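These numbers come from a predicted model, not from an experiment.
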Amino acid sequence: MLRKNKSFSKVMSFILSVVFIISLVLGTGIVGKSEKIKRLVTGYNWDPPPAQHGNPWAWSGTVGFGADYLFDRLFDVVPDVRKGTTVYIPMLGQSFEEKSKMTIIHLKKGLKWSDGKPLTSKDILCTYYLGFINGWVMWKYVDTIEAPDPYTVVIKWRKDSSLMAPTAFSNLIMGPYHVFGKWADQVAPLTKKRDENGALDPQTNQKLLKIKEDLYKFKPPMEKVVCSGPFKVEKVTASEAIFKKNPYSWAAKNVKFDEIVFIREPSVEAYVANRMQGLGDFDCGGVTYDILKQLKKAHPNMRILWTPEYSQPSMQFNTRKYPVNDPRVRKAIIYAIDRKKLLQVLEPGTMMPDTYITGLTPTVRDGWIKDILPKLENYEYNPSKAESILKSLGWKRGSDGFWRNEKGQLVKLEVCAMNSWLIYFLGGQAISDQLNKFGLKTEFKPMEISAYWQYMDNGEHMIGFDFRPGGLTYGVHPWEFYRSIYIDGQVRLGFKDPKLSGQITTTSVKVKLPSTGEEVDVVKLVDQLFYTKDRKQQVEIVKKLAEATNTLVPIMPIGEKTAPFKVYNDRLVYPTDSLLPEWYGGANDRVWVRLIKLGKMYLKD
């Protein structure tokens with residue numbers, strides 16, 4: 001638990017925040033507006049302008065703030081957990097069909113961007129090409145994309161796969177050709193130069209980087225964003241943002257809100273102060289047990305719907321950094337952390353994680369690889385085992401109780417976390433305390449969220465946090481879980497040199513499987529899983545990936561999440577069955593924006 005001096009400082013910060021937020025909100029105009037306006041108020045965190053800009057393809061652009069309110073996908077891919085099927089909810093797309101190595105997408109007729117210009121297949125291609133710049137994983141598997149007419153997109157894949165459609169629909173359509181066409185046109189010919197692994201040669205990578213650098217220089221204000229989604233930007237300041245209903249959205253007739261008001265909440269204290277003062281109709285932010293108790297007391301009529309996330313917030317290692325570049329050290333660190341105690345300080349609704357570290361959440365894991373679990377190493381809390389591993393490396397405790405390496409040097413660890421994301425902030429502090437108590441000298445480094453992500457992407461961190469694995473886009477398929485670790489996480493987990501960040505290269509992560517002695521390349525296994533349609537063959541690949549992850553331990557899950565959808569406004573209507581496909585996605589804007597677009601979330605009169 002937090003020490004008394006920290007608790008006291010947090011209380012003082014909370015009191016100061018209340019005073020600050022009250023004065024802030026009185027000056028925003030949120031209070032006292034006409035009640036005839038159908039308005040939804042919630043909290044969010046963003047970089048104050050001009051750092052926050054309107055290019056969704058560049059860092060601190062709209063993709064990092066409110067993207068799901070402003071842009072749409074072709075289809076939302078969600079699981080129906082009761083039926084065991086995958087559901088495709090039409091958004092910009094009307095229908096699609098699949099043939100051998102081909103996905104044919106038909107758009108809704110009459111689509112428009114928020115500036116009134118037509119949204120056609122040309123814009124979809126523009127979006128896909130811009131996605132190539134940003135390393136969208138689909139380009140590992142796509143052969144070509146075509147637009148035979150304004151309402152049709154044809155994606156030809158290199159091989160057949162059961163994941164073609166989910167991959168095609170995984171990203172937001174945020175590339176209006178009349179805004180971004182000059183960059184997309186430069187990228188299109190470069191996609192033809194990919195090798196069999198989807199990688200580019202050094203010369204082509206340099207061309208791509210120049211296009212990317214030029215694209216990233218384009219930073220219009222947020223108010224100038226051209227949107228495909230249900231809302232458009234009215235204004236963004238350092239304290240609030242207002243998104244107005246987009247009258248050109250395909251979902252306009254279903255959207256029952258005139259505007260969304262976001263109150264900027266850069267810290268936990270600001271979040272708590274806002275809610276205690278009754279600011280905000282709902283939120284899905286994680287809180288401590290104490291804060292939840294306070295909220296319930298302040299809002300006796302508060303409703304909570306716990307929604308499954310199928311994801312694990314995880315501690316992750318930069319495998320390029322000493323001493324966590326050694327898997328034996330990573331294992332010792334994991335054995336030294338008591339995750340049951342950790343759950344006591346994390347958010348309510350956080351369940352015990354996968355202690356086998358297979359790369360899958362427990363709810364997904366047991367449906368695929370339950371039979372091999374007894375053969376895998378179980379990383380439950382075992383400080384004696386941790387000590388034994390470190391001693392086998394020639395490490396010894398000093399007179400101060402802290403570990404020295406085989407050269408007699410004090411071992412120093414660093415754990416960094418974003419200060420506004422409670423599960424990581426509290427988890428990072430608690431883990432650092434446990435490691436220090438065990439004798440591993442550990443510095444806890446909380447950071448502002450934008451600085452944190454840059455720190456991670458530059459490969460400067462040693463130990464950090466992220467959602468790995470997470471299953472929010474592909475209908476809870478194991479491929480997505482392993483993709484998030486071994487493809488999306490290549491730089492942050494140290495599998496790829498940060499200097500090559502932004503370049504499309506081939507990366508190998510090789511592991512010897514203890515059960516057979518076979519050396520496998522997990523990146524190639526992830527690709528094989530994508531292309532394999534037979535369930536039995538998929539299971540065999542997943543078993544190898546699970547054993548490889550259990551051996552490599554690049555992550556340590558700290559819990560499996562359920563998301564608390566907390567409602568403070570008695571008038572807010574929403575579906576109350578959390579297992580409905582529409583609720584899939586957990587603590588994610590995509591979920592409630594989906595409900596708004598489908599007309600299932602609104603304020604009753």
Side-chain angles (χ1 to χ4, degrees), residues 56-57 61-64 67-80 85-98 101-107 121 123-145 153-175 191 198 228-229 309-311 364 466-490 504 526-527 529-531 581-586 588-591 593-594 597:
W57 302 99
T62 47
V63 73
D68 280 281
Y69 292 89
L70 305 176
F71 301 105
D72 249 325
R73 290 173 175 78
L74 292 167
F75 297 83
D76 261 5
V77 184
V78 297
D80 187 323
T85 59
T86 299
V87 178
Y88 296 88
I89 302 175
M91 296 294 167
L92 297 175
Q94 180 65 41
S95 63
F96 73 95
E97 54 198 279
E98 289 192 300
K101 297 192 294 184
M102 188 181 300
T103 304
I104 303 169
I105 305 161
H106 303 285
L107 301 180
S121 57
D123 301 295
I124 309 303
L125 264 60
C126 180
T127 295
Y128 283 149
Y129 286 131
L130 294 170
F132 183 72
I133 294 178
N134 278 9
W136 283 8
V137 72
M138 65 177 284
W139 283 103
K140 282 177 64 69
Y141 311 111
V142 165
D143 185 10
T144 61
I145 56 174
V153 175
V154 178
I155 302 177
K156 296 180 180 177
W157 305 84
R158 293 183 166 185
K159 299 178 184 178
D160 212 11
S161 169
S162 59
L163 290 166
M164 295 187 301
T167 304
F169 307 148
S170 63
N171 296 104
L172 293 164
I173 302 303
M174 49 190 191
T191 64
S228 62
E309 281 205 9
Y310 307 103
S311 64
V364 174
D466 206 341
F467 275 93
R468 301 196 196 281
L472 298 179
T473 305
Y474 297 83
V476 202
H477 192 284
W479 175 80
E480 180 175 14
F481 289 71
Y482 291 113
R483 186 217 70 190
S484 75
I485 298 171
Y486 296 112
I487 297 178
D488 296 348
Q490 287 182 350
I504 302 174
V526 173
D527 291 346
L529 184 58
F530 180 87
Y531 287 127
E582 292 90 333
W583 271 112
Y584 172 63
N588 193 295
D589 292 341
R590 185 189 313 183
V591 179
V593 177
R594 179 192 300 140
K597 287 186 291 188

Heavy-atom side-chain contact between Met102 and Glu97 under 4.5 Å: no
Residues Ser162 and Pro166: closest non-hydrogen pair is O-CD, 4.2 Å
From CA spacing to verdict: side-chain contact (heavy atoms from CB on, under 4.5 Å), Tyr584, Ile89: CA-CA 12 Å; Tyr584 172 63; Ile89 302 175; over 6 Å; no
To check you understand the geometry: which heavy-atom pair defines the closest contact between Thr127 and Gly175, and what is its length? OG1-N, 2.9 Å
Between atom CD1 of Ile485 and atom CD of Gln490, what is the distance when rounded to the nearest 0.5 Å? 12.0 Å
Once you round to the nearest 0.5 Å, how far does OG of Ser170 lie from CZ of Arg483? 7.0 Å
Examine Trp57 together with Trp136 and report whether their ring centres are nearer than 6.0 Å. yes
List in chain and number order the residues that pass salt bridge (charged side-chain N to carboxylate O under 4.0 Å, His left out) with Asp527, two or more places apart in sequence or in another chain; answer none if no residue qualifies. Lys140
Non-neighbouring partners of Tyr531 that pass ring pair (Phe, Tyr, Trp, His ring centres under 6.0 Å), sequence neighbours left out: Tyr141
Closest non-hydrogen atoms of Ala168 and Ile155, given as atom of the first, atom of the second and distance, are CB-CD1, 3.6 Å
What I'd like to find out is whether the side chain of Glu98 reaches to under 4.5 Å of the side chain of Ile104, using heavy atoms alone. no
Would you say that Thr144 contacts Val142 through its side chain, given a criterion of any heavy-atom pair below 4.5 Å between the two side chains? no
Where is the tightest heavy-atom contact between Gly198 and Ile504, given as atom of each residue plus distance? O-CG2, 3.1 Å
Heavy-atom nearest pair, Ala67 first then Leu172, reads CB-CD1, 3.7 Å
Side-chain contact test, heavy atoms from C-beta onward, threshold under 4.5 Å: evaluate it for Met91 versus Ile173 and give yes or no. no
Rounded distance [0.5 Å steps], OG in Ser121 versus NE2 in His106: 12.0 Å
Chi angles and distances behind the side-chain contact (heavy atoms from CB on, under 4.5 Å) call for Met164, Asp160: CA-CA 8 Å; Met164 295 187 301; Asp160 212 11; 3.4 Å; yes
Donor-acceptor pair, side chain of Arg590 and main chain of Tyr69, under 3.5 angstrom: no
Thr86 vs Val78 side-chain heavy atoms within contact, under 4.5 Å: no
Output yes when Lys597 and Asp72 qualify as a salt bridge under the 4.0 Å nitrogen-oxygen rule, no when they do not. yes
Heavy-atom side-chain contact between Ile105 and Leu74 under 4.5 Å: yes
Output the distance between atom CD (Glu582) and atom CG (Asp76), rounded to the nearest 0.5 Å. 10.0 Å
Work out which heavy atom in His477 is nearest to a heavy atom in Phe481; give both atom names and the distance. O-CD1, 3.3 Å
Separation of Trp479 CH2 from Ser161 OG (nearest 0.5 Å): 8.0 Å
With a 3.5 Å cut-off and no angle check, do the side chains of Thr191 and Trp139 form a donor-acceptor pair? no
Quick check: do Ile124 and Tyr129 have side-chain heavy atoms less than 4.5 Å from each other? no
Within-4.5 Å side-chain heavy-atom neighbours: Phe132 and Met138: no
Using the side chain to side chain donor-acceptor pair (under 3.5 Å) criterion, which residues pair with Asn134? Sequence neighbours excluded. Tyr216
Ion pair present between Asp143 and Lys101, side-chain N to carboxylate O less than 4.0 angstrom? no
Quick one, Val137 with Phe530, criterion side-chain contact (heavy atoms from CB on, under 4.5 Å). Give me CA distance, side-chain angles, the key distance, then yes/no. CA-CA 11 Å; Val137 72; Phe530 180 87; over 6 Å; no
Which label fits Phe96 and Tyr88: parallel for a plane angle under 30°, tilted from 30 to 60°, or perpendicular past 60°? perpendicular
What verdict does the side-chain contact (heavy atoms from CB on, under 4.5 Å) test give for Ile145 and Val154, after you've listed the backbone C-alpha separation in whole Å, the side-chain angles of each residue and the deciding distance to 0.1 Å? CA-CA 6 Å; Ile145 56 174; Val154 178; over 6 Å; no
